[in-house]
Number of protein chains: 2
Amino acid sequence: MRETDGGLAMEPRNRYEELARAVSAFGAVKRGLARVLPVDCQGASAAVLALLKHHGDMRMGRLAELMSVDMSVCSRHAAHTVERGWVERLPDPDDGRSRILRLTPDGLAMLTELDRRVTDAFTRHLAEWSDDDVDRLTTLLARLRDSFGDCRATHA
Amino acid sequence: MRETDGGLAMEPRNRYEELARAVSAFGAVKRGLARVLPVDCQGASAAVLALLKHHGDMRMGRLAELMSVDMSVCSRHAAHTVERGWVERLPDPDDGRSRILRLTPDGLAMLTELDRRVTDAFTRHLAEWSDDDVDRLTTLLARLRDSFGDCRATHA
DNA sequence: TATTGTTATACTCTATAACTATA
DNA sequence: TATAGTTATAGAGTATAACAATA
């Protein structure tokens, strides 16, 4: 029996198991990033603000979809941002059950501060990275998220 | 003032903000993967088993380092796997304060089942991906984690 | 005195279920 | 009856601090 790996009979390599380990270890990056946020703005609030800026005004259901969380979870996060004056809830002219979420000037100011801190953190930690590698990672992460689709549980 | 982007005055693009959004949205993938695990084996337990198999026997502090969590957190996760008979704690001949964590045959069997489920999930969701892209993503994720270093808080 | 590990407590994020209001 | 959203409750994961045992 010939081996092409130098004579050792190796376990068959499973690239999915390696990916799973990398995914599992990824939590450390999220926690490292969360640590640079202001104390009064949690990670979930930051995500709400960033999505409202990037996608514009939207309803709760749409935001929950973008965050891939149950609407009950999204509702709490949105309430948190409304309490702090970063987001306002406007009546939805098309549907009385729904309200439109909109970033306020204070919310935009907070988001600007958040972006400054996040950019600063990446600038420090990814100093050795080429722009192309950063873009490649961003693209692959987005693609992975798309490939997994909306994995939220369906409580039918 | 000339514009090279078709006449629209665009915001300066910040690749770090895009990466931050991709990182933020990544939680959906972790949750999707966690959903395929057996009910009696949580994600943290799965990580403990995978790391013990991949790196071999080790002490608590080393495992905490690999998981990038505080040792108090790691201790709880390890206790969970010990309770279920997947890991045993052996005395450390070099240090009476410490114990060596070792995967048991039951633990290896559980890990085999976990790997089967995770591989199955990836096979379904990443059917369109080339092997090279999977490897590229795995490599970039590992590199990102390394670049962020050990971001655990230092309660000195 | 410093270090390894454990336990108690609190906080963040998420899901399920029950509920209100509107379509 | 179905849908949009809210609230209550429970569970998983993490950090801080206080503690025990050993170096």
Side-chain angles (χ1 to χ4, degrees), chain A residues 24-35 37-48 58-65 67-83 87 89-101 150-156, chain B residues 24-35 37-48 58-65 67-83 87 89-101 150-156:
Chain A
S24 173
F26 190 75
V29 176
K30 290 200 77 168
R31 291 196 296 280
L33 217 48
R35 205 160 284 124
L37 299 180
V39 284
D40 62 335
C41 183
Q42 306 170 339
S45 296
V48 170
M58 68 182 78
R59 323 197 324 174
M60 191 66 65
R62 165 86 171 127
L63 184 58
E65 206 174 307
M67 296 180 76
S68 293
V69 296
D70 190 85
M71 215 192 312
S72 66
V73 175
C74 192
S75 179
R76 285 182 59 107
H77 293 324
H80 195 263
T81 63
V82 170
E83 282 166 20
V87 169
R89 293 194 248 228
L90 308 174
D92 183 344
D94 297 333
D95 190 334
R97 298 169 300 181
S98 172
R99 283 181 293 179
I100 302 294
L101 299 173
D150 194 335
C151 275
R152 290 177 296 172
T154 57
H155 42 109
Chain B
S24 174
F26 190 76
V29 175
K30 290 201 77 169
R31 292 195 296 278
L33 217 47
R35 207 161 282 124
L37 298 180
V39 284
D40 62 334
C41 183
Q42 306 169 340
S45 296
V48 169
M58 68 182 80
R59 319 193 332 171
M60 191 66 66
R62 165 85 171 131
L63 184 59
E65 206 174 308
M67 297 180 76
S68 293
V69 296
D70 190 85
M71 216 192 314
S72 66
V73 175
C74 192
S75 180
R76 285 180 60 107
H77 294 324
H80 195 264
T81 63
V82 170
E83 283 166 20
V87 169
R89 292 194 249 227
L90 308 173
D92 183 344
D94 297 333
D95 189 335
R97 297 169 300 181
S98 172
R99 282 182 292 179
I100 303 294
L101 300 172
D150 194 335
C151 275
R152 291 177 296 173
T154 57
H155 42 109

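Everything numeric in this text was worked out from a predicted model, so none of it was measured. All chains are named by letter (A, B, ...) in the order of the sequence lines, taking the proteins before the strands, and each is independently numbered beginning at 1.
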Check: Of the nucleotides dT6(C), dT6(D), dT14(D), which one has an atom closest to the side chain of M71(A)?
Finding: dT6(D)

Next item on the list: Answer yes or no: is there a side-chain heavy-atom contact under 4.5 Å between L101(A) and M60(A)?
Entry: yes

Next item on the list: Check every strand shown and say whether G27(B) touches a base, only sugar-phosphate, or nothing at a heavy-atom separation below 4.0 Å.
Entry: nothing

Next item on the list: Report the residue (S98(A) or R31(A)) whose heavy-atom-nearest nucleotide on DNA chain D is the more 5′ of the two.
Entry: S98(A)

Item checked: Phosphate OP1/OP2 of dC11(C): any Q42(A) side-chain N/O under 4.0 Å -> no

Next item on the list: Round to the nearest Å and state the distance from D92(A) atom CG to dT3(D) atom P.
Entry: 17 Å

Next item on the list: Look only at the side chain of R31(B) and the backbone of S68(A), and say whether a donor-acceptor pair between them is shorter than 3.5 Å.
Entry: yes

Can you name the atoms? Protein N/O to nucleotides 19-23 of chain D N/O, anything below 3.5 Å, with the distance.
from	atom 1	to	atom 2	distance (Å)
dA23(D)	OP1	G96(B)	N	3.0

Notebook entry, point to check: Distance check: side-chain N/O of R89(B) vs OP1/OP2 of dT6(C), anything under 4.0 Å?
Noted result: yes

Notebook entry, point to check: So which of residues 72-80 of chain A are in contact with DNA chain D, with a heavy-atom cut-off of under 4.0 Å?
Noted result: S72(A), S75(A)

Notebook entry, point to check: Does atom CZ of R89(A) have more than 12 heavy-atom neighbours, drawn from other residues, nucleotides or ligands, at distances under 6.0 Å?
Noted result: yes

Margin query: Between C1' on dT4(C) and CG on L63(B), what's the gap in Å once rounded to a whole number?
Written below: 14 Å

Checklist line | Residues forming a salt bridge (charged side-chain N to carboxylate O under 4.0 Å, His left out) with R97(B), sequence neighbours excluded | finding: D95(B)

Notebook entry, point to check: Given atom CG of D70(A) and atom P of dA8(D), what is their separation to the nearest angstrom?
Noted result: 16 Å

Checklist line | Whole angstrom value for the distance that separates P of dT3(D) from CE of M60(A) | finding: 19 Å

Notebook entry, point to check: Between dA4(D) and R62(A), is there an OP1 or OP2 to side-chain N/O distance shorter than 4.0 Å?
Noted result: no

